[in-house]
Every structure is written in C-alpha cells, then in structure tokens.
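Let me begin by presenting the structure, written as structure tokens, before commenting on it.
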There are 2 protein chains.
Amino acid sequence: MVEDHPVVVEGLRRILAQEMPHAALLEFNTGETFLQHLREAQHLVTLALLDITLPDTNGVELCQKAKNLSPDTCVLGFSNHNDRALIMQMLSSGASGYLLKNVGAPELMQCVREALNGQMAFSDEVKKIIARPSAAHVKAVPPLTKREKQILRMIADGKTSADIAAELLVSPFTIETHRRNLMQKFDVNNAAALIRLAAQLQLI
Amino acid sequence: MVEDHPVVVEGLRRILAQEMPHAALLEFNTGETFLQHLREAQHLVTLALLDITLPDTNGVELCQKAKNLSPDTCVLGFSNHNDRALIMQMLSSGASGYLLKNVGAPELMQCVREALNGQMAFSDEVKKIIARPSAAHVKAVPPLTKREKQILRMIADGKTSADIAAELLVSPFTIETHRRNLMQKFDVNNAAALIRLAAQLQLI
DNA sequence: TTTTTTCTACTGGTTTTCTGGTAGAACACA
DNA sequence: TGTGTTCTACCAGAAAACCAGTAGAAAAAA
C-alpha cells in the first residue's frame with residue numbers, strides 16, 4: 001500500500017492481516033519510496049493500493065510510472081475522491097480498479113481478489129459513478145474540425161499519410177499538415193501519443 | 001435509422017414522428033445504402049441508430065466506416081445484443097451510446113436527446129452491463145511479455161525508441177526489435193495502430 | 001538438464017513521419 | 001463586405017520508424 005494517512009494504513013493492515021495472513025504487506029508513505037522499491041525489485045509487487053493524494057506525487061502519475069517499471073503489478077486506486085474524470089484517468093493510466101475509502105472490509109477483499117484474478121475491480125459506489133456517462137470530460141477536449149476528426153480516425157486505423165491522401169483524394173502534403181495541426185492541438189509530438197490521447201478522450 | 005426489421009422500423013418511426021415531428025427521418029435497411037448516403041452527403045446525418053446485425057455488415061464495422069465518412073454524426077448502437085464486449089467495441093468504434101431494443105419510448109428519447117447534446121447515452125440496462133467489469137475481454141489479448149508491456153506504455157507516452165533505450169539503459173536496436181515484435185503480435189504496421197488497439201484492449 | 005522463450009544487439013536499406021516554414025481558395029458569419 | 005477559420009498545397013531537411021534479416025545470452029519452463 002502507498003498511503004500517507006496513518007489511520008488508513010492501520011485499518012488496511014488489520015484487515016489484510018486477517019483476511020490474507022500469508023501475504024507480504026509492504027507499506028510506503030510516499031510515491032518515491034514505492035517507485036524506488038519497484039526499481040530495486042527485491043520483491044515483486046503483485047498488487048498495489050495507491051492513495052491519490054500523496055505528499056510527493058499524485059495517484060495518476062504514480063500509477064503510470066509504476067506500470068512502466070512493473071507492468072505486471074496490479075494497481076488499485078484507493079481514495080476518497082469520487083470524481084469520475086479522475087477515476088477514468090486512473091484506469092487510463094493502467095489501474096485495474098478503484099475503491100472509495102468508505103468501503104467495508106468484505107468489499108475491499110472482494111475487489112482485491114477480483115484484481116488478483118485479472119479482473120477489473122470497483123467498489124459499488126464507483127461502479128455507479130462509472131456507469132453515469134460524463135458530460136464534463138468533453139470540455140477538456142481541444143476542438144477538432146470535421147476533417148481533423150476524420151483524419152485522426154484514419155491515422156488510428158494505421159493508415160499512412162499517403163494512404164489517407166489517396167482515400168480522400170487530396171495531396172499527401174495536405175494530410176501532413178493536418179497531422180501536424182492535430183499533434184499541435186493535443187500537444188504531443190508523434191502519432192502514438194496522439195492516438196493514445198484520442199483513445200482516452202474517446203474520440204476514436 | 002439503419003435497421004432491417006420492419007417491425008422495429010415502424011415502431012421507431014412512430015415514436016420519433018411523435019416526439020420529434022420536425023426531424024427528418026431517413027430509413028436504411030442495409031449498411032451499404034447508409035454509407036452511400038453519407039458519401040453523397042445530400043443531407044447531413046446528425047444522429048444514426050444502428051442495428052448490430054444487418055444483412056450486409058455488422059454494427060461495429062459500420063460504425064467505424066460511418067465515423068470515418070462523417071465524424072460529426074452521432075452514432076447510437078441499437079440492438080438486442082447485451083454482450084458487454086460488443087457494446088465496448090461499439091464505443092471504441094466511435095459510437096456515442098448504446099440502447100437495448102427493449103427500451104421504452106421515454107428512455108429512447110432521453111438517450112437521443114443526450115446524444116444530440118454531446119453526451120454519452122445508454123439505456124438503463126446497458127449502464128448496468130457497462131458497470132459490471134468484464135473478465136472475458138482479456139482472453140482475446142495477444143500475450144505480451146513483461147518487457148513488451150513496459151515498452152508499449154512508453155511508446156504510448158510518445159517516447160521515441162532512443163528515449164526508451166536511454167531510460168531502460170539498453171540499446172536503441174533492442175527497442176526497435178521490441179517495437180517490431182509488438183506490431184507483429186497485434187498485426188499492425190505502425191505505432192499509431194498499435195496504440196489504438198492497445199488502448200481498446202485496455203492495455204495502457 | 002535440456003528446451004523454449006525472452007531479452008538483448010546488430011547491419012543496412014527504405015519509408016514515413018516530424019519540423020518549420022509559407023500561402024491561396026473556400027467557407028462561414030457577422 | 002470584411003474577417004476568421006478551415007481546407008488545401010507546397011518545399012526541404014532531419015529524425016524517426018519500419019522492414020528483413022540474424023544471433024548470442026539470459027531466464028524460465030519442461
């Protein structure tokens with residue numbers, strides 16, 4: 001667990017000790033100590049419970065870095081934040097699930113087991129939040145023109161600029177320009193990052 | 001609407017005529033006629049209700065093609081299929097929502113209005129299906145090694161092979177090899193398509 | 001312990017993307 | 001009718017990705 005609230009640490013410790021007495025439980029109170037542990041890889045971390053607000057970082061960033069260092073580690077967000085966008089960000093960052101801190105012991109253990117089992121795991125309240133379609137996240141999307149959306153999808157399809165130009169009956173130069181404008185709007189510098197963002201924003 | 005069941009067509013026609021008397025309602029009973037209409041673009045299509053099983057194609061493919069031709073058209077899946085994976089595929093293909101055919105008129109119109117409003121729209125039953133985390137979709141994922149998952153995420157972050165090599169302290173050649181292997185496993189031929197697929201499969 | 005898989009590394013050549021310019025035509029809208 | 005936006009188009013050079021091989025070392029699995 002990566003958690004800086006002593007009370008929560010204590011609670012988790014008790015529950016886990018009782019329910020999974022054989023599991024090795026590691027406790028970190030900052031993101032950096034956790035990442036350091038992953039780097040050294042003394043012990044594999046099979047499952048991590050990440051608090052969202054930590055003294056030195058935030059859950060989303062930490063989750064990304066952790067998954068980069070250790071792709072097989074299963075990450076669960078564990079926080080009081082019930083903001084849909086945040087939860088979605090965690091999932092996009094590779095988290096396998098999300099729990100609100102108000103969960104009871106049975107629900108917590110249920111989620112842990114699901115996650116260890118390769119499933120997505122959410123506490124009941126989070127399920128409701130996810131089911132509720134968001135109108136908010138659309139706001140953050142940079143406005144794309146019709147043509148840009150169209151070309152974005154074709155890039156995601158794996159088509160080259162030449163392919164797209166042929167399909168749309170315009171010059172390849174034109175497509176290159178659109179490509180550039182798209183990357184500029186999303187503030188990225190290659191197609192991979194562009195498509196990742198677009199996928200996260202549900203544009204494709 | 002793109003729908004080949006006369007009874008459903010009739011039902012939709014009545015409901016829509018009553019609830020949105022000023023809207024122009026176009027009816028297609030095959031995917032191809034619909035796509036043809038989009039190509040000719042005589043009239044903009046603001047919202048499309050797509051049946052999933054059609055004589056000449058399936059909803060997912062049709063949705064993709066339709067969004068390629070007309071990115072601003074809002075697509076709603078409309079079918080009896082309540083398979084979570086299928087619904088997710090539709091959403092990944094650009095659909096703005098999904099309704100089961102058992103919806104009543106008020107729910108239908110509610111979803112249509114939400115969709116026109118730029119929101120995601122789901123019938124109540126679909127919301128439940130989406131909230132329920134799936135274990136199934138994991139099966140279709142090609143098995144990636146730890147290292148590959150790690151590098152995949154870094155590619156999605158927009159990092160170049162050189163960047164990644166520097167970060168992981170290996171040769172850029174190595175990263176290039178991993179890149180190639182990843183693309184081969186996913187059967188795509190560039191990073192954009194790779195990342196799109198990975199995003200759809202929730203690997204990043 | 002043998003076998004298989006994964007991770008590593010290289011050559012060399014081709015294709016594509018990315019960067020940083022510029023700029024005219026068409027369109028929408030005020 | 002002017003103004004801003006979108007779509008189009010071009011050049012040229014640098015950087016990166018892609019392709020088709022091969023292959024040794026390390027680690028995991030049989």
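In what follows, chains carry the letters A, B, and so on, assigned in the order in which the sequence lines appear, proteins first and then strands, with residues in each chain numbered from 1.
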Legend entry - Listed once per pair and sorted, the salt bridge (charged side-chain N to carboxylate O under 4.0 Å, His left out) pairs that draw on residues 160-169 of chain A, sequence neighbours left out: A:Lys159-A:Glu167
Shortest non-hydrogen contact from [X] toward [Y]:
| X | Y | result |
| --- | --- | --- |
| A:Leu76 | A:Ser96 | CD2-C, 3.8 Å |
| A:Leu38 | A:Val45 | CD2-CG2, 3.7 Å |
| A:Phe78 | A:Leu100 | CE1-O, 4.2 Å |
| B:Ala121 | B:Leu99 | O-CD2, 4.5 Å |
| A:Asp56 | A:Gly31 | OD1-N, 2.9 Å |

Taking [X] for the side chain and [Y] for the main chain, is one N or O donor matched with an acceptor at less than 3.5 Å?
| X | Y | result |
| --- | --- | --- |
| B:Thr33 | B:Thr30 | yes |
| A:Asn58 | A:Thr53 | no |
| B:Lys65 | B:Leu35 | no |
| B:Asp51 | B:Leu54 | no |

Quick one: [X] [atom1] to [N] [atom2], roughly how many Å, whole number?
| X | N | atom1 | atom2 | result |
| --- | --- | --- | --- | --- |
| A:Phe173 | D:dA9 | CZ | C1' | 8 Å |
| A:Gln184 | D:dT6 | CD | P | 13 Å |
| A:Leu182 | C:dT19 | CG | P | 13 Å |
| A:Ile175 | D:dT6 | CD1 | P | 16 Å |
| A:Asp187 | C:dT19 | CG | C1' | 15 Å |

Just the atom pairs and distances: protein N or O near nucleotides 27-30 of chain C's N or O, under 3.5 Å.
none

Inset, instruction - Using a cut-off of strictly less than 4.0 Å between a heavy atom of the residue and any atom of DNA chain D, enumerate the qualifying residues of residues 146-170 of chain A by number. - result: A:Lys146, A:Arg147, A:Val170
Legend entry - Axis-to-axis angle between the two ends of the helix from C:dT1-D:dA30 to C:dA30-D:dT1 (five base pairs per end, rounded to 10 degrees): 80°
Legend entry - Pair B:Thr174, B:Thr177: side-chain N/O donor-acceptor within cut-off below 3.5 Å: no
Legend entry - Sidechain N-carboxylate O distance under 4.0 Å for A:Arg113, A:Glu19: yes
Atom pairs under 3.5 Å: protein N/O with N/O of nucleotides 19-24 of chain D:
| residue | atom | partner | partner atom | Å |
| --- | --- | --- | --- | --- |
| D:dA20 | N7 | B:Arg180 | NH1 | 2.9 |
| D:dG21 | N7 | B:Arg180 | NH1 | 3.4 |
| D:dG21 | O6 | B:Arg180 | NH2 | 2.8 |

Inset, instruction - Using the test salt bridge (charged side-chain N to carboxylate O under 4.0 Å, His left out), find all partners of B:Glu10 that sit at least two apart in sequence or belong to another chain. - result: B:Arg13, B:Arg14
Inset, instruction - Considering just the side-chain nitrogens and oxygens of A:His178, establish if one lies under 4.0 Å of OP1 or OP2 belonging to D:dC7. - result: no
Inset, instruction - Could you check whether A:Thr174 gets within reach of a base, just the sugar-phosphate, or nothing at all, counting any heavy atom under 4.0 Å? - result: base
